[in-house]
Amino acid sequence: MPNIIAELSWRELVNQTTDDENLARWLAARPRTLYAGFDPTADSLHVGHLMALMILRRFQQAGHRPIVLVGGATGMIGDPSGRDEERNLLSVEVLRANVAAMKPQLQRFLDFDCGRNSALLVDNYDWMARLGYLEFLRDVGKHFPVNVMLAKDSVRSRLERTDTGLSYTEFSYMLLQAYDFVYLNENYGCELQVGGSDQWGNITAGIDLARRLRGVQLYGMTCPLLTKSDGSKMGKTTSGTLWLSPERTSPYHFYQYWINLDDADVGMCLRYFTELGREEIESLLAEHRLDPGRRGAQRRLAAELTRLVHGPDGLTTAERATEIFFGAEISRLSDTQLEDIFADVPSRELPSERLLGEGLSIIDAMFEAGLANSKGEARRIITQGGAYVNNRRVKGIDTRLGPANLVGKSTMVLRAGKKNYALLRFA
RNA sequence: GGGGGGUUUCCCGAGCGGUCAAAGGGGUCAGACUGUAAAUCUGAUGGCAGUGCCUUCGCAGGUUCGAAUCCUGCACCCCCCA
């Protein structure tokens, strides 16, 4: 079997393991079953999940069996790890819907139908829900010394803060996750848990519990926490999270995020998120150093990821839109071409009468198109020279738009700043 | 249950009863420079109309010519003692 640890190591995906000496050998001996947990806090996965997904994917390709555990139960509690505030709890119905929505996305990364190492999707609600409190305290809680729990990073850091507290509910979280591991071991032969470095405490808690409860030795591995060189969170933009579902984040925007990635982060992302080999990544980075302006590494990264997440069609759409937005002349396009290319761009329909007579004021146009949240903001953008109609800068605040400004028969392309487009259609 | 501290515009945070749409920082947005990058610099940053009106300082009342600033009640948060 391929040496999965070696593979993960050169990609710098290994932060810590519970057995540095033997883990590689243990994994090479025969196919193993491993799991990673995902909180179903939304109806889509996002970029923050990518690293764990890719790790599971690599394990599967190396012949191991990955289990995706969604925390239908633990999501109701909330993991305090890496959180500086108490969480809001989610309702059962919402969690259910979220879990269901995640499945098709997972299928892009993992093969759920490939024989003996098919991936598995489990929801801990299925076993947690019927667990009685007394039973749980007796069988699980008994094995957790409170002083050990208090020493865990996730708990201690929260207790050190004076402005927020830590509820008993969140404090108990690690017991639940520990129990998950034991449960998966008993029922699916799962012996390894992987997660972000902030999961270390929870993972080791599970390993301890398994040893005390069943006398079995389980393993854990964490990957580094994903942060960008400037300290901001990967996959977060001003407009919010970068989601994996096309409904929430269009392929174009997804693609653009990676194109725009800082030089400093592109190597890391290629290693973490793509399946390109070591040599190929090295040579991409070498080229990039010679001519960073071409953004060759970013382009490749964006292409690989967009194809993986949105398929070849999604990639094509994204690339074509990019071409137009950052190059070609808009005025030559027909209505159908526009519709195609700008499919991702927010559009707004207005009655065509508004173009007649005096015409539509540029302030109203920017506001109606959603490029400004208020007319004051529209005014500001225009005054400062950031407003464009069909990629031509608008000269002044008194500009009015008439039928002459239409591209094709009924469309107008507005832009605020360098990259924010919106369409106005007139019917 | 008792005592103390807190709740300000996107975030942090300052705010003598009037000159507070509210300092400062961060963020964000736009511009310049660039490589659809980073850094830097400039400007903007409650809403609508323009030198005025409206909404905002946890919630609800009250005192006052006038309150984010004072009083009362309520809610939530934190800390300490039981």
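Keep in mind that this is a model prediction, so the values were computed, not measured. Labels below follow one simple rule: chain letters A, B, ... track the order of the sequence lines, proteins then strands, and each chain is numbered from 1.
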Closest to the [X] side chain: [options]?
X        : options                : value
A:Asp262 : B:rC33, B:rA38, B:rG43 : B:rA38
A:Arg295 : B:rA30, B:rG47, B:rA37 : B:rA37
A:His288 : B:rC48, B:rG35, B:rG31 : B:rG35

Euclidean distance, atom [atom1] of residue [X] to atom [atom2] of [N] [Å, nearest integer]:
X        : N      : atom1 : atom2 : result
A:Asn420 : B:rG31 : CG    : C1'   : 14 Å
A:Phe325 : B:rU36 : CZ    : C1'   : 12 Å
A:Glu377 : B:rG43 : CD    : C1'   : 14 Å
A:Arg380 : B:rG50 : CZ    : P     : 19 Å
A:Arg379 : B:rG47 : CZ    : C1'   : 12 Å
A:Arg289 : B:rA38 : CZ    : P     : 20 Å
A:Asp398 : B:rA49 : CG    : C1'   : 15 Å
A:Phe254 : B:rU36 : CZ    : P     : 22 Å

Once you apply the 3.5 Å cut-off to both distances, tell me the Watson-Crick or G-U wobble partner of [N], or none.
N      : value
B:rG31 : B:rC41
B:rC10 : B:rG26
B:rG73 : B:rC59
B:rG66 : none
B:rG1  : B:rC81
B:rU36 : none
B:rG52 : B:rC48
B:rA21 : none

- prompt: Counting any heavy atom closer than 4.0 Å, what does A:Gly386 reach on the DNA or RNA strands: base, sugar-phosphate only, or nothing?
  reply: sugar-phosphate
query: Contact class for A:Ala416 (heavy atom, under 4.0 Å): base, sugar-phosphate, or nothing?
result: sugar-phosphate
Any [X] side-chain heavy atom under 4.5 Å of [Y] side chain:
X        : Y        : result
A:Glu377 : A:Met366 : no
A:Thr274 : A:Ile281 : yes
A:Tyr35  : A:Phe181 : yes
A:Val122 : A:Val70  : no
A:Leu27  : A:Leu192 : yes
A:Leu121 : A:Met102 : no

Does a side-chain N or O from [X] land closer than 4.0 Å to OP1 or OP2 of [N], or not?
X        : N      : result
A:Lys375 : B:rG47 : no
A:Lys419 : B:rA30 : no
A:Thr383 : B:rG43 : no

message: With a 3.5 Å cut-off and heavy atoms only, can you find an N or O donor on one side and an acceptor on the other between the side chain of A:Gln298 and the base of B:rU36?
response: no
- prompt: Per the atom types in the model, does the base of B:rG35 pair as donor or acceptor with the side chain of A:Asp263 at under 3.5 Å?
  reply: yes
Residue whose nearest RNA chain B nucleotide is more 5′ - A:Tyr388 or A:Leu261: A:Tyr388
message: By nearest heavy atom, map A:Arg294 and A:Asp364 onto RNA chain B; which one lands nearer the 5' end?
response: A:Arg294
field: Contact list for residues 174-184 of chain A, test side-chain hydrogen bond (donor to acceptor under 3.5 Å, both in side chains), sequence neighbours left out
entry: A:Asn124-A:Asp180, A:Trp127-A:Asp180, A:Tyr173-A:Gln177, A:Gln177-A:Gln193, A:Gln177-A:Gln199, A:Gln177-A:Asn202
If we take the [atom1] atom in both [N] and [M], what is their distance in whole Å?
N      : M      : atom1 : answer
B:rC29 : B:rC77 : C1'   : 33 Å
B:rU69 : B:rG58 : C1'   : 15 Å
B:rG6  : B:rA14 : C1'   : 16 Å
B:rG15 : B:rA21 : C1'   : 13 Å
B:rU72 : B:rG4  : P     : 13 Å
B:rC54 : B:rA67 : P     : 13 Å
B:rA68 : B:rU56 : C1'   : 10 Å
B:rC11 : B:rC41 : P     : 26 Å

task: Test side-chain contact (heavy atoms from CB on, under 4.5 Å) on A:Leu56 and A:Leu34 and set out the steps.
output: CA-CA 8 Å; A:Leu56 288 184; A:Leu34 70 147; 3.7 Å; yes
